[in-house]
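The figures here come from the full heavy-atom set of this structure, side chains too, leaving out hydrogens, waters and symmetry mates. Sequential numbering from 1 along the given sequence is applied to the chain's residues.
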Amino acid sequence: MPHVTGQQRNQMMMFSLESSVASGSFARVIDAFVEATDLESFGFAHVRSKDEGRPSFHPSVLLKLYLYGYHNGIRSSRKLEREAQLNLEAIWLTSGQYPRYKTIADFRKNHSAAFRQVFRSFVRLLHGWDLADGKTIAIDSFKIRAQNSLKNNLNQSKIDRHKEYIDSKIAEYETLLDQSDNEDDKQELQQKISLQQKRKEGYNALEQQLEASGQEQISLTDPDARSVVLHRNIVNVGYNIQAASDSKHKLLVEFETGDVNDSHALAGMATATKEILNVESMDVLADKGYHTGQELQRCHESGINTFVSPKDSAAGDSGVFHVTDFVYNQQEDTYTCPAGETMRTNGTWHSHSGKTKTPAFRFQRYTTPACKNCAIRQQCTKSKANGRCIERSEYAGAIEQNNRRVTENPGYYRLRQQITEHPFGTLKRQRGFTFTLMKGKTNVLGEVGLEFIGYNLTRCATILGLAELCKALKKCCLSLFYFLFRPFLSFLQLVFFSACVKLNSRTGKLIPI
C-alpha cells in the first residue's frame, strides 16, 4: 500500500491566522485575559503611542507572548523570539508581529512590579467569582536557583579561609624570595606577592561590605540571592519563595521571598493574603518550619487561626520531669508541678541574650519554695542549690492555642500538603521552574508573578471550561484602580442604589424612585 502523502511544498495555499488556532487552544484564554487587563493602570509603558519617533510594540503583544511561553515552559527571550516567528499559536497571539529578543527581555525587566500587581488583581477577581473563598489557606515555600554561583556567595568564614590561604601563599613567596639569588626569579616572586596582596585587599573590602550590610552572607552577582538548601542537603545560591494557596480550587493567591528559612514568614504572608482576599478571618495551615511564637501571636492579633505543626519542646536534663508534666492554670497564672505544688511568678519579665540578629523574646520564671523539701526533688531537677524553674514566654498563649487546634483537628491539618504541593509540582516538574532568569528580588518576584498567573489561568480553564472562562474574561475589566478603590466604589454604589430605589411597604419589594 502507498504511504500517507502530504501537501506539495510549492503549492499555493490561502488561510487566515484565526483558522490556524483551534477553538480549544489555551492561547485563546491568554488572549482574553490580556485584552481584559487595563495595562495602563498597572503602569505598563507604551500603551499610548506617540506622534513622533519609532513605533513601539503594544505591551499586550509582549505580555501575551510571555504568558504563552511560561505556560509551555519557555522563558528565554531568544526562545520566545523564535516562537513568535515559527509557532502558529504565538503568531496568532502577536498578530504576526516579530519582536526581537532584546525587546522581549527589556519588557520583562522593566515591568516586574506590574506583573505582581496584575497577579494580585487577578486573585481578587477570582475571589469575586467565588473560585477562591479565603476560608482555608495553606502556606509553604519552595526554593529556586539564582543567577549567582556558589563561589560568588561569601560569608565571614569563607572570607577568613580565603585570607588565610592568601597569607600562607605570601609567606611562601617571601621565603622563596629570601632564598633566591636570580634577579628574574625575584622579580617574578615580587609580582606574585603583589597580586596576592591585591586579592587580600579585595577580600578586606568585601568583609567591610558584609559588616555594613548587617547580613550573614553576601552575593556578588545577585546581591539579593542567598545560600539555601535546595534538597537533600544540597546547598546552592537562590531564593526561598513563599506561596499561599486557597483550599477551594488550589489557586495561588499570594507570594513573597525573604529569609532563607520559614521561621519569620508566616504572619507577613497570612496578613497579606487576608488583605488581598478582603476576608474578616481565615484559617492558615503550615508545616513545622513556620512554628514561631511571635509569628503565631501576630496571626492571632490579625484574626487568623493558625494550624501550624507543633515543634518538639526541648528535652532538658535527662532523667527529670519534662516541662509538659507541669500543668498551667491560665486563670490564676500558675503552674502545678508533678508533686501537686503551685509554682508562681513574681511578675518580672526577663529576656534571653539573643545570639542571632533577631530580637530576643521575653519570659517569666515560675518557682515554688516547696522544692527545698520535696520528696521527689531528684526526679525534678539535678540542681543542688536551686529548685526547678519553669520559663513561660510572652507568646506561650498563642503557641498553646495553635497546638491545641492541630491536635484536635489532625485531619484538617493534613489538608495542607494536598493544597500546597499541587501547584509546586506543576510549576517545578511540568514547567521547569527550578531556577530564575532574573537578578534582584523585584525582578525575581516579577518572574514568579508570570508563572503564577499562568498557573491560575490553567486551573480556571480546568474548573470553568475554556469557553466559559473566555466569556467571563471578556465581560470583565482587570484594572488596578478598581481594586485599589473597591471599598469606596462599593460604598458609592450602595448610596446610589439607596437613592434610586425605595421599599414598597405593601409588597415588600424594591421599586425605582
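- Taking Lys248 as the reference, Asp130 meet the salt bridge (Lys or Arg N to Asp or Glu O under 4.0 Å) condition, with sequence neighbours excluded.
- Atom CD of Gln417 has 12 or fewer heavy atoms from other residues, nucleotides or ligands within 6.0 Å.
- Taking the charged nitrogens against the carboxylate oxygens, Lys250 and Asp246 have no contact shorter than 4.0 Å, which rules out a salt bridge.
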Side chain to side chain contact (heavy atoms under 4.5 Å, CB included), that's the test. Do Thr420 and Ile139 meet it? Break it down for me. CA-CA 7 Å; Thr420 191; Ile139 295 178; over 6 Å; no
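- Taking a cutoff of 4.0 Å between a charged side-chain nitrogen and a carboxylate oxygen, Glu295 and Arg298 qualify as a salt bridge.
- Considering all non-hydrogen atoms of both residues, Leu285 and Phe307 come closest at CD2-CB, 3.4 Å.
- The main-chain N or O of Asp38 is found under 3.5 Å from a side-chain atom of Ser41 such that the two form a donor-acceptor pair.
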Audit row: Ile137, Val253, side chain to side chain contact (heavy atoms under 4.5 Å, CB included) steps and yes/no: CA-CA 9 Å; Ile137 300 295; Val253 292; 4.2 Å; yes
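- The shortest distance between side-chain heavy atoms of Val228 and Val235 does not fall below 4.5 Å.
- At least one side-chain heavy atom of Arg108 sits under 4.5 Å from a side-chain heavy atom of Met438.
- Judged by distance alone, with hydrogens and angles left aside, the side-chain atoms of Asn110 form a donor-acceptor pair with the main-chain N or O of Asp106 at under 3.5 Å.
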Test log, rule salt bridge (charged side-chain N to carboxylate O under 4.0 Å, His left out), inputs Glu83 and Arg78: CA-CA 9 Å; Glu83 291 295 312; Arg78 292 183 182 269; over 6 Å; no
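- Checked against a 6.0 Å centroid threshold, the rings of Phe142 and Phe424 count as neighbours.
- Without hydrogens or angle criteria, Asn155 side chain to Lys158 main chain gives a donor-acceptor distance under 3.5 Å.
- The line from CZ of Arg459 to OG of Ser245 is 10.5 Å long, rounded to the nearest 0.5 Å.
- The distance from the OG1 atom of Thr273 to the CD atom of Gln242 is 10.5 Å, given to the nearest 0.5 Å.
- The side-chain heavy atoms of Ile144 and Val444, taken from C-beta on, include a pair separated by under 4.5 Å.
- Summarising the geometry of Pro99 relative to Phe57, their closest heavy-atom pair is CA-CZ, 3.6 Å, with the distance given to 0.1 Å.
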Could you go step by step and tell me if Arg120 and Glu254 meet the salt bridge (charged side-chain N to carboxylate O under 4.0 Å, His left out) rule? CA-CA 7 Å; Arg120 287 177 169 174; Glu254 176 60 327; 2.9 Å; yes
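- In the displayed structure, Lys428 atom NZ is contacted under 6.0 Å by more than 12 heavy atoms of other residues, nucleotides or ligands.
- Checked by atom type and distance alone, the side chain of Thr306 never pairs as donor or acceptor with a backbone atom of Val284 at under 3.5 Å.
- For the side chain to side chain donor-acceptor pair (under 3.5 Å) condition, the pairs that include at least one residue of residues 444-458, sequence neighbours left out, are Tyr70-Glu447, His71-Thr458, Arg75-Glu447, His422-Tyr455, Arg431-Thr458, Thr436-Glu447.
- Of all heavy-atom pairs between Ser219 and Asn153, the closest is OG-ND2, 2.9 Å.
- Formation of a donor-acceptor pair under 3.5 Å by the Thr292 side chain with backbone atoms of Ser263 is found in this model.
- Under the 6.0 Å cut-off for aromatic ring centres, Phe122 and Phe33 qualify, their centroids lying closer than that.
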Kindly determine whether His291 and Asn403 satisfy side chain to side chain donor-acceptor pair (under 3.5 Å), including the steps that lead there. CA-CA 10 Å; His291 194 283; Asn403 296 352; 3.1 Å; yes
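- Residues forming a side-chain contact (heavy atoms from CB on, under 4.5 Å) with Glu35 (at least two apart in sequence, or on another chain): Asp31, Lys64.
- Here the side chain of Ser121 pairs a donor or acceptor atom with the backbone of Gln117 at under 3.5 angstrom.
- Interatomic distance, CD of Gln85 versus CZ of Arg100, reported as 8.0 Å (0.5 Å rounding).
- Side-chain N or O atoms of Arg116 include none that pairs as donor or acceptor with a backbone N or O of Thr442 at under 3.5 Å.
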Which is it for Asn240 and Val260 under the side chain to side chain contact (heavy atoms under 4.5 Å, CB included) test, yes or no, and what are the steps along the way? CA-CA 6 Å; Asn240 187 33; Val260 297; 5.5 Å; no
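- Note that CG of Leu62 is 10.5 Å distant from CG of Leu39, once rounded to the nearest 0.5 Å.
- The pair Arg226-Glu216 does not count as a salt bridge, with every side-chain nitrogen at least 4.0 angstrom from each carboxylate oxygen.
- A donor-acceptor pair is defined here as one N or O able to donate and one able to accept, closer than 3.5 Å; such a pair exists between the side chain of Gln97 and the backbone of Thr94.
- Closest of all the heavy-atom pairs between Ala36 and Leu473 is CB-O, 3.1 Å.
- Distance CG/Leu154 to CD/Gln209: 10.0 Å, rounded to 0.5 Å.
- The CD1 atom of Ile304 lies 6.0 Å from the NZ atom of Lys274; values are rounded to the nearest 0.5 Å.
- Taking the side chain to side chain donor-acceptor pair (under 3.5 Å) definition, one finds that Tyr239 meets it with Asp222, sequence neighbours left out.
- Residue pairs meeting the side chain to side chain donor-acceptor pair (under 3.5 Å) criterion with at least one member in residues 1-16, sequence neighbours excluded: Ser16-Ser19.
- For Lys441 and Glu256, the salt-bridge test passes: some basic side-chain N is under 4.0 Å from an acidic carboxylate O.
- The minimum heavy-atom distance linking Asn72 with Tyr68 is given by the pair ND2-O, 2.7 Å.
- Heavy atoms from other residues, nucleotides or ligands lying under 6.0 Å from CD of Glu400 number more than 12.
- In this structure, the side chains of Phe452 and Val123 stay at 4.5 Å or more apart for every pair of heavy atoms.
- At distances below 3.5 Å, at least one donor-acceptor pair connects side-chain atoms of Asn409 with backbone N or O atoms of Arg405.
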Worked check of side chain to side chain contact (heavy atoms under 4.5 Å, CB included) between Val406 and Val308: CA-CA 7 Å; Val406 175; Val308 183; 5.7 Å; no
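- No donor-acceptor distance shorter than 3.5 angstrom exists from the side chain of His46 to the backbone of His58, with no hydrogens or angles considered.
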Is there a side chain to side chain donor-acceptor pair (under 3.5 Å) between Thr136 and Asp283 once you walk through the steps? CA-CA 5 Å; Thr136 303; Asp283 295 343; 4.6 Å; no
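- Residues Ser25 and Glu89 come closest through the heavy atom pair OG-OE2, 2.6 Å.
- Annotation: side chain of Val237 is not in contact with side chain of Arg145 (no heavy-atom distance under 4.5 Å).
- At least one cation-pi condition fails for Arg124 and Trp129: the charged atom is not both under 6.0 angstrom from the six-membered ring centre and inside a 45 degree cone around its axis.
- Annotation: side chain of Tyr98 is not in contact with side chain of Thr103 (no heavy-atom distance under 4.5 Å).
- Shown here are the ring-ring contact (aromatic ring centres under 6.0 Å, His included) partners of Phe107, two or more places apart in sequence or in another chain: Phe44, His111, Phe115.
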